[in-house]
Amino acid sequence: MSALSMFVVHDDPGVCLMSLPHLRQLQDALVRRGWTVIEYLRGDPAFDVQGAASWAIQRDESRPALLLDFAGFGSMGEDIPLDRSYACAVRGTAISLYFSRVNRSQDTWQRDLAGFIDALDGAEKMPRPV
């Protein structure tokens, strides 16, 4: 069982988990570019984890990790779990990724995912507080 599958658990088998393919493809794309998810953090404001969850990612141990925050609020403002998240953003930057429908717009999703991963390269080089 992967770390992602242990982290993403949903109790209602009738709920469509649209984000799971996005999360798997995002994680695979990160790994292909040399990124490692060093920590999976569940949403908890007490621990500065905004939304559904945050992933700490790192490629160069001499640089601070980047935090990917996953959107965690539904249409009525209710908290939603990671497996129902619809977007993520790199904390402290304008870099974000919307989880467009994988089955309906595969080309758009793949293009957006590639652009997001490319943008991480630039974000890694940006000065950040340690």
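The chain is numbered in sequence order, starting from 1. Note that the structure is predicted; figures quoted are calculated from it, not measured.
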Seminar exercise, completed: CD (Glu39) and CD1 (Ile57) are apart, to the nearest 0.5 Å, by 13.0 Å
Problem set entry | Tyr98 vs Asp112, side chain to side chain contact (heavy atoms under 4.5 Å, CB included): CA-CA, chis, key distance, verdict | CA-CA 8 Å; Tyr98 177 73; Asp112 291 349; 5.8 Å; no
For this session: Flag the pair His22 / Leu113 as yes when at least one side-chain heavy-atom distance between them is below 4.5 Å, and no otherwise.
Result: no
For this session: For the residue pair Trp55 and Tyr40, categorise the inter-ring angle as parallel (less than 30°), tilted (30 to 60°) or perpendicular (more than 60°).
Result: perpendicular
Exercise. Can you find a heavy atom in the side chain of Leu67 that is under 4.5 Å from one in the side chain of Val90?
Worked result: no
For this session: In sequence, state the C-alpha distance, the side-chain angles, and the governing distance for Trp35 and Asp60, and then conclude on side chain to side chain contact (heavy atoms under 4.5 Å, CB included).
Result: CA-CA 8 Å; Trp35 293 94; Asp60 178 352; over 6 Å; no
Problem set entry | Minimum heavy-atom distance between Gln110 and Gln25, given as atom pair plus value | NE2-OE1, 3.0 Å
Exercise. With a 4.5 Å heavy-atom cut-off, do Phe70 and Leu97 have their side chains touching?
Worked result: no
For this session: Could you tell me whether the side chain of Cys88 reaches within less than 4.5 Å of the side chain of Asp69, counting heavy atoms only?
Result: no
For this session: Compare every heavy atom of Ala123 with every heavy atom of Ile95, then report the nearest pair and how far apart it is.
Result: CD1-CB, 3.6 Å
For this session: Indicate yes or no: at least one non-hydrogen side-chain atom of Gln58 is less than 4.5 angstrom from one of Thr36.
Result: no
For this session: Measure the shortest side-chain to side-chain distance between Leu30 and Ile117 over non-hydrogen atoms and say whether it is less than 4.5 angstrom.
Result: yes
Exercise. Do Arg33 and Asp121 touch side chain to side chain, with heavy atoms closer than 4.5 Å?
Worked result: yes
